[in-house]
There are 2 protein chains.
Amino acid sequence: MKAEALKGHLDGLLLAIVDGGSTHGYGVISALHDRSDGAFDLPEGTVYPALHRLERAGLLESSWSTAAGRRRRVYAITAAGRAALHDRRADWRSFTTAVDAVLGGVA
Amino acid sequence: MKAEALKGHLDGLLLAIVDGGSTHGYGVISALHDRSDGAFDLPEGTVYPALHRLERAGLLESSWSTAAGRRRRVYAITAAGRAALHDRRADWRSFTTAVDAVLGGVA
DNA sequence: CCTTCATGCCTAGCAATGCTAGGCATAGTG
DNA sequence: CACTATGCCTAGCATTGCTAGGCATGAAGG
């Protein structure tokens, strides 16, 4: 799968993961991996900045916690985040409909 | 629909359009518009450079023709382009499967 | 004839985003 | 004290679609 395919869709995926249960960065990465059956295996350099963007946008909020003596940043979704997730799901549906119409279209 | 959503998927759409019948740039734009039921309304500055990329990659080839006294660059898909289109369709299917698994997943 | 407008193509530069590569701090082990 | 593993973070890059504007040809108006 080409790397650029993910562009613009990652935010929705992250919101969906965090909405399904608060986790820290590594947890998000492995949840993505598991839920997608291995299709998504994203590096930290992709996920961390994206989480920060979402927090800066007010869609997630984070707090530090200590587990096994290590600092972990744990994310939770906000009300605005849930609304955004709802929009993202709708966007995704219309996007796939449009792409399917063109790709599958006449062939 | 957010602009970035399209990133990485445009090439496949263009290949599919040209595969469905050779056209010039404007023709591609309106075909995208029509087939997607208005969802895709892409500016020239998006489509022309993308067509050039695909031609440089050997997936499309173009020739000049004159219609109604105006120069038109008409695109046709190559064998490599058809193979790439096939791959893109497969990529699209696995991508949607993975995203659906995460987005629709547990909710 | 000269000016104005429409068609159709093209490109420079920008902004957004995911990735590569590398760094920081703490805890446990020899 | 050195060394490794866990977990977080960031700088800089490459790609890509978009905005804004330009070029050439042909048709319409004074």
Closest to the E4(A) side chain, choosing from dT11(C), dT15(D), dC8(D): dT15(D)
Backbone of L59(A) reached by a side-chain donor or acceptor of T78(A) within 3.5 Å: yes
Per R70(A) side chain, nearest of listed nucleotides dC9(D), dC10(C), dA27(C): dA27(C)
Among dG17(D), dG18(C), dC10(C), the one nearest W64(B) by side-chain distance: dC10(C)
Side chain K7(A) and base dT15(D) donor-acceptor under 3.5 Å: yes
Distance (rounded to the nearest 0.5 Å) between L6(B) CG and E4(A) CD: 12.5 Å
Side-chain donor/acceptor of R72(B) to backbone N/O of S65(B), under 3.5 Å: no
Options dC10(C), dT17(C), dG17(D), nucleotide nearest the side-chain atoms of R53(A): dT17(C)
Toward the 5' end of DNA chain D, by each residue's nearest nucleotide, L10(B) or H52(A): H52(A)
Mutual orientation of the aromatic rings belonging to H9(A) and F95(A) [parallel < 30°, tilted 30-60°, perpendicular > 60°]: tilted
Residue closer to the 5' end of DNA chain D, R73(A) versus A50(B) (nearest nucleotide): R73(A)
Which residue lies more 5' along DNA chain C, comparing G45(A) with R72(B) via nearest heavy atoms: R72(B)
